Amino acid sequence: MTKSDLKAPEPKRVKEWKLPSGVLSAALSNDGQKVLGGCLDGVYLVDMETSEISKLYAHDSYVSSVEWLSDRTLVSAGYDGRIIWFDMQ
């Protein structure tokens with residue numbers, strides 16, 4: 001085995017979205033169509049098909065993590081000490 005056999009393949013950028021502030025956490029929906037962004041100024045939803053970005057809500061401080069619990073429900077945690085459960089309805 002040579003050194004070149006151990007070389008990892010180069011990653012290929014497929015898509016990219018620019019959110020209004022720094023992203024501290026991201027989570028892909030179960031259907032693979034949406035991404036949540038936990039940012040310095042709130043929680044954002046990115047529709048990967050249309051590239052539409054919408055701010056869902058904010059914490060009183062930075063959002064430290066986001067996660068989908070189901071197709072309609074998400075949870076976020078922030079440096080404000082709050083955990084917010086959100087129903088997309």
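Sequential numbering from 1 along the given sequence is applied to the chain's residues. Worth saying up front: this structure is predicted, and the values here are computed from it rather than measured.
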If you take all heavy atoms of R82 and D60, which pair is closest and at what distance?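 That closest heavy-atom pairing would be NH2-N, 3.8 Å.
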Quick one, [X] and [Y] - any side-chain contact, counting heavy atoms below 4.5 Å?
X: T73; Y: W85; result: yes
X: S76; Y: V43; result: yes
X: C39; Y: Y62; result: no
X: E49; Y: Q33; result: yes
X: L69; Y: L74; result: no

Keeping S25 on the side-chain end and V66 on the backbone end, is there a donor-acceptor pair under 3.5 Å?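 Yes, the answer is positive, given that a donor and an acceptor are paired below the 3.5 Å cut-off.
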Backbone N/O of A27 and side chain of W68: donor-acceptor pair under 3.5 Å: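 Between the backbone of A27 and the side chain of W68 there is a qualifying donor-acceptor contact (under 3.5 Å).
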Residues S54, Y44; criterion side-chain contact (heavy atoms from CB on, under 4.5 Å); working and verdict: CA-CA 6 Å; S54 45; Y44 289 84; over 6 Å; no
Go through L45 and M88 one step at a time and tell me if the side-chain contact (heavy atoms from CB on, under 4.5 Å) criterion holds. CA-CA 11 Å; L45 179 66; M88 300 292 289; 3.5 Å; yes
For L19, which of I53, L40, V35, D41 qualifies under side chain to side chain contact (heavy atoms under 4.5 Å, CB included)?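 Filter result, single survivor: I53.
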Counting only heavy atoms not in [X], do more than 12 sit closer than 6.0 Å to its [atom1] atom?
X: Y79; atom1: OH; result: no
X: L28; atom1: CG; result: yes
X: F86; atom1: CZ; result: yes

Hydrophobic clustering (ILVMFWY, side-chain heavy atoms < 4.5 Å, transitive) - are I84 and V63 grouped together?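 Linked within one cluster.
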Could you give the distance from CG (N30) to CZ (R72), rounded to the nearest 0.5 Å?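 Atom-to-atom, N30:CG and R72:CZ are 13.5 Å apart.
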From E67 CD over to I83 CD1, what is the distance, rounded to the nearest 0.5 angstrom?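 So the gap between those two atoms works out to 13.0 Å.
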K34 vs V46, test: side-chain contact (heavy atoms from CB on, under 4.5 Å). Steps then yes/no. CA-CA 6 Å; K34 296 177 178 67; V46 178; over 6 Å; no
